[in-house]
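Everything on this sheet refers to the single structure shown next.
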Amino acid sequence: VALRWNEQSPVFSGMDKRIFRPRQARQWFQVDVGLFPDTAKELYNQPERHGQIVVIFDPTGRLAPPPWDEQLNHKRICEALHQNLMKWQIYYGWFRKELARGRPADAFVMHLYLTVMPLLTVLNMRYRPTRWDFGFRYLKEELPAEVVSIVERLCYLADPNTMEARFSEAERLLRTTLKELKERGIVPTDSKGVDISAPLQDSVSSR
């Protein structure tokens, strides 16, 4: 082994994870080993979210996938949609603030995390609702090619002057996708009833 890492915050919570890189391995090859305690309730083995796992040895049936709860997933999507739209409105166009301060790198971070990421979550809800929280993971394989092309274009900024046009493009796509979600019965839900939210304007703001 040339390199070994005990990852402290793995993607799958509740797992004790080790990553090994064999000394004579080919490029990109490494071995990820995750250990779950017997008390773990979430084993990340639902085919709807993680694909079909290959079980080598399971005499007690511990790894039998739990039934998919579509109603619970729908509830989580609606609640997450509310949170994403609140973030979108609270931080609407905040990249402009950083550009005005002469901080293009900060503006890019704002663009990525406050424009692209909320939009991507909404797109995931539309095109892969069982994996709506997967972010960029498997984006190219699971979303329509034309949507992937738009997301890639939003991410690749030649210079800060293109940020405004990309933001307008992202906003148009967000509004279109929200209408499609509504037609499927997916609407923002404030489960705690503590937020004061307003609907998005009917047209894209021009600034």
- Is D133 salt-bridged to R49, going by a charged N under 4.0 Å from an acidic O? yes

- In terms of side-chain heavy atoms, does D195 have a donor or acceptor partner in H82 at a distance below 3.5 Å? yes

- Task: Could you tell me whether a side-chain N or O of N73 sits under 3.5 Å from a main-chain N or O of I77, the two making a donor and an acceptor?
- Result: no

- Message: Within the supplied structure, the quantity of interest is the number of heavy atoms (other residues, nucleotides, ligands) at a distance under 6.0 Å from Y91 OH; does it exceed 12?
- Response: no

- Just by distance, do the side chain of R103 and the backbone of L99 share a donor-acceptor pair under 3.5 Å? no

- Message: For the CZ atom on R153, are there more than 12 heavy atoms of other groups (residues, nucleotides or ligands in this structure) within a distance under 6.0 Å?
- Response: yes

- Please report the shortest heavy-atom distance between P188 and L81, naming the atom on each side. N-CD2, 3.7 Å

- Message: Once you measure the plane-to-plane angle for H50 and Y44, does it fall in the parallel (<30°), tilted (30-60°) or perpendicular (>60°) bin?
- Response: perpendicular

- Task: Answer yes or no: is there a donor N or O on one side and an acceptor on the other, between the side chain of R23 and the main chain of V1, under 3.5 Å?
- Result: yes

- Ionic contact status for R175 with E171, cut-off 4.0 Å: yes

- Message: Is it the case that over 12 heavy atoms from other parts of the model lie below 6.0 angstrom from the CD atom of Q71?
- Response: no

- Test log, rule side-chain contact (heavy atoms from CB on, under 4.5 Å), inputs L143 and L123: CA-CA 8 Å; L143 266 65; L123 290 171; 4.3 Å; yes

- Message: side-chain contact (heavy atoms from CB on, under 4.5 Å) for V109 and L112? Distances and angles first, verdict last.
- Response: CA-CA 5 Å; V109 173; L112 181 62; 5.8 Å; no

- Message: Taking CZ in R76 as the centre, count heavy atoms belonging to other residues, nucleotides or ligands within less than 6.0 Å. Is the count above 12?
- Response: no

- Query: Crowded around Y113 OH? As in, over 12 foreign heavy atoms under 6.0 Å?
  - Reply: no

- Query: What are the two closest non-hydrogen atoms of E164 and R96, and how far apart are they?
  - Reply: OE2-NH2, 2.6 Å

- R137: salt bridge (Lys or Arg N to Asp or Glu O under 4.0 Å) partners, not counting sequence neighbours: none

- Are any side-chain N or O atoms of D32 and backbone N or O atoms of I19, one a donor and one an acceptor, separated by less than 3.5 Å? no

- Message: Can you give me the closest heavy-atom contact between P66 and N45, atom names plus distance?
- Response: CD-OD1, 3.4 Å

- Item | Exercise: identify the closest heavy-atom pair between P104 and P160 | CB-CG, 3.6 Å

- Please list, chain by chain and in numerical order, all residues satisfying ring-ring contact (aromatic ring centres under 6.0 Å, His included) with F108, sequence neighbours excluded. none

- Query: Checking N84 side chain against A80 main chain: does a donor-acceptor pair fall under 3.5 Å?
  - Reply: yes

- Using atom types as modelled and distance alone, determine if a side-chain donor or acceptor of T162 lies under 3.5 Å from a backbone N or O of D159. yes

- Is the number of heavy atoms from other residues, nucleotides or ligands under 6.0 Å of K182 NZ greater than 12? no

- Task: Go through the structure and list residues passing salt bridge (Lys or Arg N to Asp or Glu O under 4.0 Å) with R18, not counting sequence neighbours.
- Result: D16

- Note on the structure: Heavy-atom closest pair (A170 atom, T115 atom, distance to 0.1 Å) is CB-CG2, 3.7 Å

- Task: Could you tell me whether the side chain of N124 and the main chain of P129 form a donor-acceptor pair under 3.5 Å?
- Result: no

- Message: Enumerate the ring pair (Phe, Tyr, Trp, His ring centres under 6.0 Å) contacts for residues 138-173, please, sequence neighbours excluded, ordered by first and then second residue.
- Response: W88-F167, Y92-F167, F95-F167

- Item | Nearest heavy-atom neighbours spanning Q46 and P67 | NE2-O, 3.7 Å

- Query: Is the number of heavy atoms from other residues, nucleotides or ligands under 6.0 Å of R62 CZ greater than 12?
  - Reply: yes

- Backbone N/O of C155 and side chain of H111: donor-acceptor pair under 3.5 Å: no

- Evaluation steps, salt bridge (charged side-chain N to carboxylate O under 4.0 Å, His left out), between E79 and K75: CA-CA 6 Å; E79 292 175 350; K75 178 176 180 290; 2.7 Å; yes

- Message: Restricting to salt bridge (Lys or Arg N to Asp or Glu O under 4.0 Å), what partner residues turn up for E42, sequence neighbours left out?
- Response: none

- Determine, stepwise, if the pair K87 / L114 fulfils side-chain contact (heavy atoms from CB on, under 4.5 Å). CA-CA 7 Å; K87 178 185 290 187; L114 302 180; 4.2 Å; yes

- Task: Taking salt bridge (Lys or Arg N to Asp or Glu O under 4.0 Å) as the test, write out the residues that go with R101, two or more places apart.
- Result: E98

- Query: Passes side-chain contact (heavy atoms from CB on, under 4.5 Å), V122 versus L174? Steps please.
  - Reply: CA-CA 7 Å; V122 172; L174 176 73; 3.8 Å; yes

- Ignoring hydrogens and angles, tell me if any N or O in the side chain of T176 forms a donor-acceptor pair with the backbone of R172 under 3.5 Å. yes

- Query: Does I90 CD1 have over 12 foreign heavy atoms under 6.0 Å away?
  - Reply: no

